[in-house]
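A note on names: the letters A, B, ... follow the listed sequences, proteins ahead of strands, and every chain is numbered from 1. Side chains included, hydrogens not; waters and symmetry mates left out as well; all remaining heavy atoms used. On a predicted model such as this, the values are computed, not experimentally measured, just so you know.
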2 protein chains.
Amino acid sequence: MATTKRSSGAQRPPTSHDVAELAGVAQSTVSRALNGDPNISEKTRARVVDAAQRLNYSPNVMARSLITRRANRIGVFLSDITNPFYPRLVECLEREFGALGYDLILFSEGSARGDQDHIDHFLGSTIDGLVFTSAKLDFPLGDRLAAARAPTVFLNRHIDDDRFDRVVSENVAGGRLAGELLVELGHRRIAQISGPPQTSTARDRDAGFQAALEELGATLDPAHYRHGPYTHETGFEGCRSLLAEDPPPTAIFCGNDVIALGAWDAAVSAGLEIPGDLTVVGFDDMEVGSWSAIGLTTIRQPLDQMARGSAELLVGRLNGDYDGPGRVLEFPVEMVRRRTAGPPPR
Amino acid sequence: MATTKRSSGAQRPPTSHDVAELAGVAQSTVSRALNGDPNISEKTRARVVDAAQRLNYSPNVMARSLITRRANRIGVFLSDITNPFYPRLVECLEREFGALGYDLILFSEGSARGDQDHIDHFLGSTIDGLVFTSAKLDFPLGDRLAAARAPTVFLNRHIDDDRFDRVVSENVAGGRLAGELLVELGHRRIAQISGPPQTSTARDRDAGFQAALEELGATLDPAHYRHGPYTHETGFEGCRSLLAEDPPPTAIFCGNDVIALGAWDAAVSAGLEIPGDLTVVGFDDMEVGSWSAIGLTTIRQPLDQMARGSAELLVGRLNGDYDGPGRVLEFPVEMVRRRTAGPPPR
DNA sequence: CTGTTAGCGCATTCAG
DNA sequence: CTGAATGCGCTAACAG
């Protein structure tokens with residue numbers, strides 16, 4: 001019973017033809033009236049607008065895109081939407097791209113049924129451009145993106161491929177800031193829990209940090225170096241194993257705030273006082289770190305500026321304003337001193 | 001210089017015609033071959049597939065959707081992508097809808113340039129259905145959604161509108177669990193920091209909690225009731241003001257984990273021991289709450305089941321399997337006992 | 001200023 | 001099993 005597939009009340013949405021008929025004009029006039037074409041009398045425009053409203057008309061975006069060859073949408077690829085860093089970045093991107101007339105469509109890694117998928121969304125002309133927020137250094141899709149001439153920007157992470165635009169913060173300088181702070185505070189037994197080696201963020205922050213230590217005469221004992229994915233667990237387990245050393249380090253610089261908060265968690269759980277017994281420094285300035293019971297010292301990246309830079313580079317390419325090789329935008333970082341950094345215990 | 005608008009190397013992506021030509025068949029044959037039509041010889045299918053690969057062909061989704069009237073995409077509307085609850089929900093939704101052949105396209109409130117926009121995405125036939133994850137009780141778009149016959153499901157929040165499918169957890173029962181726990185632990189001076197009154201989550205959790213207290217003879221002093229948006233600040237300020245009372249409450253039930261962690265933050269910052277001096281209970285089971293230095297006692301919602309339920313209801317409507325009035329799915333919650341709940345101080 | 005015409009790239013009749 | 005023809009809803013040339 002009730003074999004009503006889609007037959008009965010399936011009133012299809014109104015088209016511009018319907019509007020044209022109701023307004024007593026040609027279909028093309030409807031298109032012009034609704035798209036702000038100047039060559040149209042106010043009188044007919046009013047009639048069209050009125051008819052459109054009465055029919056509750058809304059143009060079919062697919063049909064429009066098919067002909068204009070523009071989707072006005074940007075695909076944003078996130079590796080792990082669960083990492084609170086990305087939602088904040090998405091907020092900024094949304095604002096910046098929105099201001100330029102683009103909607104965002106988000107893809108988290110989970111949704112991709114394979115590498116192919118990413119690019120298919122572009123090739124299928126569902127999106128006009130791509131933003132990758134968490135590419136690894138060995139990003140595998142470069143050739144295919146280039147072949148498809150897909151406007152692309154790599155945000156937050158570098159890849160070693162000059163064909164693409166990249167927007168990052170000064171991760172090396174940020175690492176330096178952390179190193180300098182720790183040495184100035186008087187730390188000598190310094191440890192590090194870094195991110196994945198195949199990410200530019202980890203590579204660059206490590207480089208800056210270690211260079212600063214060298215220059216200030218406080219080298220990093222290789223036995224005090226840990227690394228892993230940007231997760232709580234990496235920080236937690238890394239800190240636990242560091243605290244088991246004898247003597248344990250008095251300060252830890254972490255690859256990002258997620259790791260730093262994992263380290264904080266391990267230290268506090270073990271009954272240590274922070275910063276009395278241990279100094280912890282992160283990177284990113286996540287909201288949780290700013291809670292007053294935590295007060296994570298960290299290095300802040302200007303996400304809004306980075307998002308704006310990405311939007312400008314990408315939209316520049318979409319408009320045909322620029323078509324050359326990849327450009328690099330690098331934004332300054334800033335030290336945020338909070339409770340978790342102090343002098344070493346005596 | 002370089003007035004190359006889009007003229008020169010603008011090699012447009014290959015179409016099914018190009019593939020047809022290379023394979024020496026008709027365009028319609030290409031379509032059939034690539035879409036798994038059984039009425040086609042393996043020989044020609046192979047030829048077509050080969051040609052498609054050589055051209056790096058990928059069908060134009062817009063054109064396809066224009067004709068099939070299906071976008072195979074679901075719009076998910078989030079109010080605040082910054083609240084960690086939503087990313088987790090998105091992960092689940094992605095998995096469940098993905099299994100049914102749908103991609104997700106995420107809209108956070110920020111992206112909507114007005115209420116209108118939400119529905120326009122549907123009317124523009126960019127998406128086949130909508131999921132609202134954070135509707136208020138006075139959701140204003142009901143009539144327009146119904147008029148557009150837009151398949152819609154409300155997830156996580158109720159709205160009082162029987163035309164739509166709703167998927168929630170047993171918030172009333174969850175509130176009861178919290179109330180029962182606090183009373184059983186021996187608390188009598190009990191406080192509450194609830195969410196926004198115009199959300200069903202706040203309304204239902206409040207109702208269950210307060211009913212449990214009544215029944216167990218431990219009524220809630222109205223002076224111990226606070227509420228506000230689901231933010232850290234609500235919890236932080238709420239807790240501060242509660243602690244300023246004399247005598248202060250010994251336990252606080254919070255509208256969700258974000259609020260609860262704000263309360264935790266205020267209490268710990270004020271030098272209180274948790275749970276020695278104060279018990280805190282949340283709702284949601286966010287990851288941060290599970291950190292071992294925090295150990296938030298909370299009530300867990302089965303997000304994966306809720307996501308699956310939503311997907312089934314919505315896809316059922318999309319397939320025409322169901323076309324009746326709104327259904328309601330309600331999933332059981334579960335108490336997660338951790339450190340922040342203990343007996344009151346003596 | 002407005003109407004007519006021609007496709008965008010594809011899925012889907014209808015012939016054969 | 002395959003090819004030719006049709007049109008999804010819209011924008012953009014081209015006439016007038």
Side-chain angles (χ1 to χ4, degrees), chain A residues 6 10-49 51-52 55-72 120-128, chain B residues 5-6 10-49 51-52 55-72 120-126 128:
Chain A
R6 53 189 170 177
Q11 42 182 9
R12 320 228 292 199
T15 73
S16 56
H17 277 104
D18 301 329
V19 177
E21 192 175 0
L22 182 60
V25 297
Q27 180 269 329
S28 57
T29 301
V30 173
S31 173
R32 282 192 282 253
L34 266 33
N35 291 338
D37 188 313
N39 291 334
I40 199 151
S41 75
E42 268 316 315
K43 229 180 85 183
T44 56
R45 184 194 303 281
R47 275 234 308 290
V48 169
V49 168
L55 290 179
N56 220 312
Y57 168 75
S58 186
N60 185 312
V61 179
M62 299 285 185
R64 168 184 298 167
S65 295
L66 186 57
I67 193 166
T68 60
R69 310 187 142 286
R70 284 175 151 274
N72 291 315
D120 281 352
H121 280 284
F122 171 75
L123 293 173
S125 66
T126 287
I127 55 180
D128 300 326
Chain B
K5 275 274 178 186
R6 54 190 170 175
Q11 43 180 9
R12 320 226 292 200
T15 72
S16 57
H17 277 105
D18 301 328
V19 177
E21 192 176 1
L22 181 62
V25 297
Q27 178 267 328
S28 54
T29 302
V30 173
S31 173
R32 284 191 280 253
L34 265 35
N35 291 337
D37 189 313
N39 290 334
I40 199 150
S41 75
E42 268 317 314
K43 231 180 82 183
T44 56
R45 183 194 304 279
R47 274 233 309 290
V48 170
V49 168
L55 290 180
N56 219 313
Y57 167 75
S58 186
N60 184 312
V61 179
M62 300 286 185
R64 169 182 295 168
S65 294
L66 187 57
I67 197 165
T68 60
R69 310 185 145 285
R70 283 175 150 276
N72 291 315
D120 281 353
H121 279 285
F122 171 74
L123 293 173
S125 65
T126 288
D128 300 328

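Between N60(B) atom CG and dC8(D) atom P the separation is 18 Å, expressed in whole Å. In this structure, the CZ atom of R47(B) is 11 Å from the C1' atom of dT2(D), given to the nearest Å. Per the geometry, CZ belonging to R69(A) stands 18 Å off P belonging to dC10(D), to the nearest Å. Rounded to whole angstrom, the span from the CG atom of N39(A) across to the C1' atom of dA13(D) amounts to 14 Å. Remark: P of dC10(D) and CG of L34(A) are 10 Å apart, rounded to the nearest angstrom.
Counting any heavy atom pair closer than 4.0 Å across all strands shown, S65(A) reaches no nucleic acid atom. Counting any heavy atom pair closer than 4.0 Å across all strands shown, S31(A) reaches a base atom.
Taking five base pairs at each end of the helix from dC1(C)-dG16(D) to dG16(C)-dC1(D) and finding the rotation axis that steps the C1' atoms of four pairs onto the next four gives two axes whose angle is 40°, to the nearest 10°.
In this structure R70(A) satisfies the side-chain contact (heavy atoms from CB on, under 4.5 Å) test together with T68(A), N72(A), Y102(A), D128(A), L318(A), N319(A), sequence neighbours excluded. The salt bridge (charged side-chain N to carboxylate O under 4.0 Å, His left out) test applied to R45(B) returns E42(B), not counting sequence neighbours. Residues satisfying the side-chain contact (heavy atoms from CB on, under 4.5 Å) criterion with L34(A), sequence neighbours excluded, are V30(A), V48(A), V49(A), A52(A), Y57(A). Taking the side-chain hydrogen bond (donor to acceptor under 3.5 Å, both in side chains) definition, one finds that S65(B) meets it with nothing, sequence neighbours left out. The side-chain hydrogen bond (donor to acceptor under 3.5 Å, both in side chains) search around S31(A) returns none, not counting sequence neighbours. Take T29(A) and apply the side-chain contact (heavy atoms from CB on, under 4.5 Å) test, not counting sequence neighbours, and it matches V25(A), A26(A), R32(A), I40(A).
Atom CE in M62(B) sits 10.0 Å away from atom CG in N60(A) (nearest 0.5 Å). Residue L55(A) holds its CG atom at 9.0 Å from OG1 of T15(A), rounded to the nearest 0.5 Å.
Checking dT11(D), dT2(D), dC10(D) against every side-chain atom of R32(B), the shortest atom distance belongs to dT2(D).
Each of I67(B) and E42(B) was assigned the nucleotide of DNA chain D with the nearest heavy atom; the assignment lying further toward the 5' end belongs to E42(B).
Residues of residues 18-30 of chain A having a heavy atom closer than 4.0 Å to DNA chain D, listed by number: Q27(A), S28(A).
Heavy-atom contacts of chain A under 4.0 Å fall on DNA chain C between two terminal nucleotides, which in 5' to 3' order are dC1(C) to dG9(C).
A71(A) and T126(A) make their closest contact through CB-O, 3.2 Å (heavy atoms, listed as atom of the first residue, atom of the second, distance).
Under a cut-off of 6.0 angstrom, the local environment of CD in Q27(B) is crowded, with over 12 non-hydrogen atoms contributed by other residues, nucleotides or ligands.
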